[in-house]
Amino acid sequence: MAEPRPADDTTPPRRSRSTRRRVKRAVAALGCVALAIWVLFFANRSARQVGQLTLTPPGGPPVALTLWAADPLVELPFTTDTKWVQCGGKRWRLHGRSFGNAAGPVAVSPDLSQAVVHSSFEGGEFPAVVIDVRSGDMQRANRWSDYAGQEWTMRRWHTALEPLTDDELMRELRSGDQARFRAACDELERRTFVNAHWTMYATAALDPNLSKHQRRYLPYLLYHGDDVRYGAQMTGIFAKTADSDPQVRLFAAWALCELAQVEPGREFDLLAVWRRGPDAADAEVKAVRAWWVSNAKPEYWEGATASSTTQPVQLPVGVPGQ
């Protein structure tokens with residue numbers, strides 16, 4: 001009868017049940033953390049088409065270039081959507097979520113055989129991708145090429161709402177429907193910002209039909225597309241806190257709070273303040289102005305002169321700069 005084999009002293013002991021449970025819990029926790037990071041920084045909502053440009057090269061059929069955007073599933077401060085351009089079955093990402101990025105115009109060659117889609121960062125526009133219109137092939141563009149100087153035609157993206165007037169767009173904006181709201185924003189971002197938009201945006205912001213999320217997007221439509229740097233934008237908004245229209249004054253003060261990059265932060269409920277009456281609204285505006293001048297960089301408010309408002313800008317008593 002064969003003798004039993006001696007135990008192998010080198011065999012590692014089996015883990016106890018409690019150890020295995022701890023390992024499983026640790027793996028599950030790491031998985032939850034990884035999922036949370038992915039949701040916060042990488043997960044997107046469904047993509048939507050935000051622009052289109054149709055080109056017809058000589059001897060060929062019309063070709064559509066389309067611009068697409070995907071909003072983050074969870075919106076974080078100082079982030080934007082992701083945009084890409086598509087031609088046929090091929091596409092090219094123009095930018096990710098970094099704040100200040102946007103899609104720029106399209107340069108079209110004189111023979112309509114090539115298109116160069118530009119990207120934009122804080123007002124500066126740079127060539128991003130060269131597209132062969134006939135084949136749809138794409139390749140990275142020379143960032144420093146001056147296509148306008150080479151007699152290429154600069155064209156803007158078109159949206160489905162392009163034929164609408166500003167007033168009609170504002171009705172879309174205030175519809176309460178998220179899809180109509182974003183479509184209106186996509187078209188407004190392509191239009192030159194003018195002084196008349198202040199009253200329109202202020203009225204929309206005070207419309208209870210808008211959701212809180214939609215209302216908080218409106219300040220980002222101010223001064224868009226005009227190559228206005230952040231400091232000049234803040235100065236312009238600060239100047240409007242002295243406007244003759246009480247709605248504009250309050251909206252401008254609220255917009256400063258929404259866009260502020262200074263600490264400590266300040267915020268207030270726009271609708272709640274407006275409903276308390278004009279005295280409460282003006283008191284809030286005055287408090288925001290005093291806080292802004294005391295906390296923000298001087299270049300964000302010192303340039304707000306009487307020429308940029310319908311009333312002289314009055315600095316609060318006892319603050320720097322008087």
Trainee: Return each pair, listed once, that meets salt bridge (Lys or Arg N to Asp or Glu O under 4.0 Å) where at least one residue sits in residues 193-214; pairs must be two or more places apart or across chains.
Mentor: R174-D207
Trainee: Check D81 against A69 and note the closest heavy-atom contact, atom names and distance.
Mentor: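 Here D81 and A69 meet closest at OD2-CB, 3.8 Å.
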Trainee: Any idea which heavy atoms bring H118 and E125 closest together, and the distance?
Mentor: CD2-C, 4.5 Å
Trainee: I'd like to know whether H95 forms a side-chain contact (heavy atoms from CB on, under 4.5 Å) with S119, so could you lay out the CA-CA distance, the side-chain angles of the two residues, the decisive distance to 0.1 Å, and finally the verdict.
Mentor: CA-CA 7 Å; H95 65 79; S119 60; 5.6 Å; no
Trainee: R191 and T165: which non-hydrogen atoms are nearest, and at how many Å?
Mentor: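 Smallest interatomic distance, heavy atoms only, reads NH1-C, 3.7 Å.
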Trainee: Check whether S145 reaches the backbone of Y147 with its side chain - one donor and one acceptor, N or O, closer than 3.5 Å.
Mentor: no
Trainee: Applying the side chain to side chain contact (heavy atoms under 4.5 Å, CB included) criterion to V117, which one of I131, L67, V130 satisfies it?
Mentor: I131
Trainee: Please assess T203 against M170 for the test side-chain contact (heavy atoms from CB on, under 4.5 Å), listing each intermediate value before the final yes or no.
Mentor: CA-CA 9 Å; T203 303; M170 288 300 160; over 6 Å; no
Trainee: Should E189 and Y220 count as side-chain neighbours, where that means a heavy-atom distance under 4.5 Å?
Mentor: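 A side-chain contact is absent here, since even the closest heavy-atom pair is not under 4.5 Å.
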Trainee: Identify the heavy atoms of L271 and A205 that sit nearest to each other, and give their distance.
Mentor: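 Where L271 meets A205 most closely, the heavy atoms are CD2-O, 4.0 Å.
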Trainee: Excluding sequence neighbours, so at least two apart, what forms side-chain hydrogen bond (donor to acceptor under 3.5 Å, both in side chains) with Q86?
Mentor: none
Trainee: Would you find a donor on one side and an acceptor on the other, under 3.5 Å apart, between the side chain of R190 and the backbone of D186?
Mentor: yes
Trainee: Mind running side-chain contact (heavy atoms from CB on, under 4.5 Å) on V133 and S113 for me, showing each step along the way?
Mentor: CA-CA 5 Å; V133 176; S113 64; 5.6 Å; no
Trainee: Starting from L164, can I reach V50 by hopping between I/L/V/M/F/W/Y residues whose side chains sit under 4.5 Å apart?
Mentor: no
Trainee: I'd like to check L222 versus K240 (side-chain heavy atoms, cut-off strictly below 4.5 Å). Are they in contact?
Mentor: no
Trainee: Please report the interatomic distance CZ(R182) to CG(L188), rounded to the nearest 0.5 Å.
Mentor: 11.5 Å
Trainee: So, Q49 and T66: side-chain donor and acceptor under 3.5 Å apart, yes or no?
Mentor: no
Trainee: Thinking salt bridges, do E162 and R156 make one under a 4.0 Å N-O criterion?
Mentor: yes
Trainee: Answer yes or no: are there more than 12 heavy-atom neighbours, outside Q150 itself, under 6.0 Å from its atom CD?
Mentor: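 For Q150, atom CD is crowded (more than 12 foreign heavy atoms under 6.0 Å).
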Trainee: Mind checking whether W152 and P110 have side chains closer than 4.5 Å, heavy atoms only?
Mentor: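 In contact.
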Trainee: Drop me the distance from K297's NZ to M234's CE, to the nearest 0.5 angstrom.
Mentor: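 Between K297 NZ and M234 CE, I get 12.0 Å after rounding to 0.5 Å.
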Trainee: Is a side-chain donor or acceptor of R249 paired with a backbone partner of S244 at a separation under 3.5 angstrom?
Mentor: yes
Trainee: Can you get from L55 to M154 by hopping between Ile, Leu, Val, Met, Phe, Trp and Tyr side chains that sit under 4.5 Å apart?
Mentor: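 Looking at the clustering, M154 is in a separate group from L55.
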Trainee: Regarding R22 and T19, is there a side-chain donor-to-acceptor distance under 3.5 Å anywhere?
Mentor: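 Yes, a side-chain donor-acceptor pair sits under 3.5 Å.
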Trainee: Looking only at side-chain N and O atoms, does D111 offer a donor or acceptor that is under 3.5 Å from a partner on S109?
Mentor: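 Yes, side-chain donor-acceptor contact under 3.5 Å.
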Trainee: State the CG-CG distance between L94 and N101, to the nearest 0.5 angstrom.
Mentor: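 If I round to the nearest 0.5 Å, the distance is 9.5 Å.
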Trainee: Please say whether more than 12 non-hydrogen atoms of neighbouring residues, nucleotides or ligands are located less than 6.0 Å from CZ in R93.
Mentor: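 No, the 6.0 Å shell around CZ holds no more than 12 heavy atoms from other groups.
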Trainee: How about D245 and T199: do any of their side-chain heavy atoms sit closer than 4.5 Å?
Mentor: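 Yes, close enough: below the 4.5 Å cut-off.
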Trainee: Starting at CH2 of W292, measure out to CZ of R289 and round the result to the nearest 0.5 Å.
Mentor: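 Reported value, rounded in 0.5 Å steps: 12.5 Å.
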Trainee: Is the shortest side-chain heavy-atom distance between L173 and C185 below 4.5 Å?
Mentor: yes
Trainee: Given the rule in the side chain to side chain donor-acceptor pair (under 3.5 Å) test, do S135 and D137 qualify, once you have shown the distances and angles that lead to the verdict?
Mentor: CA-CA 5 Å; S135 66; D137 291 339; 3.2 Å; yes
Trainee: Hey, could you give me the OH/CZ distance between Y201 and R215, rounded to the nearest 0.5 Å?
Mentor: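 It comes to 15.5 Å.
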Trainee: So, for P219 and W254, which heavy atoms are closest and what is the spacing to 0.1 Å?
Mentor: CG-CZ3, 3.7 Å
Trainee: Do you reckon F268 sits in the same ILVMFWY cluster as L206, going by side-chain contacts under 4.5 Å, direct or chained?
Mentor: yes
Trainee: Return the orientation label for the F238 and W301 ring planes: parallel under 30°, perpendicular over 60°, tilted otherwise.
Mentor: tilted
Trainee: Taking I237 as the starting point, is it possible to reach M200 by hopping between hydrophobic residues whose side chains are less than 4.5 Å apart?
Mentor: yes
Trainee: Please tell me if the side chains of R134 and P58 come closer than 4.5 Å, counting only heavy atoms from C-beta onward.
Mentor: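 Yes. Closest side-chain heavy atoms under 4.5 Å.
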Trainee: With sequence neighbours excluded, what pairs up with E168 under the salt bridge (charged side-chain N to carboxylate O under 4.0 Å, His left out) test?
Mentor: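 Scan of E168 (salt bridge (charged side-chain N to carboxylate O under 4.0 Å, His left out), adjacent residues dropped) gives none.
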Trainee: With a 4.5 Å heavy-atom cut-off, do Y217 and Q214 have their side chains touching?
Mentor: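 Counting from C-beta outward, Y217 and Q214 never come under 4.5 Å.
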Trainee: For atom CZ of R180, is the number of surrounding heavy atoms from other residues, nucleotides or ligands below 6.0 Å larger than 12?
Mentor: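 Counting neighbours around CZ of R180, more than 12 heavy atoms of other residues, nucleotides or ligands fall under 6.0 Å, so yes.
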Trainee: Quick one: CH2 on W291 to CG on L256, what's the gap to the nearest 0.5 Å?
Mentor: 7.5 Å
Trainee: Using the six-membered ring wherever Trp is involved, compare the ring planes of W68 and W84 and label them parallel, tilted or perpendicular (cut-offs 30° and 60°).
Mentor: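 Parallel: the ring planes of W68 and W84 meet at under 30°.
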Trainee: Could you pull out the closest heavy-atom pair between A281 and W274, with the gap in Å?
Mentor: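 Smallest heavy-atom distance, with atoms named: CB-CE3, 4.4 Å.
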Trainee: Within a strict 4.5 Å, meaning less than it, do heavy atoms of the D243 and W198 side chains meet?
Mentor: no
Trainee: In the single-linkage hydrophobic clustering (I, L, V, M, F, W, Y; side-chain heavy atoms under 4.5 Å), do V116 and V129 co-cluster?
Mentor: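 No, no single cluster joins them.
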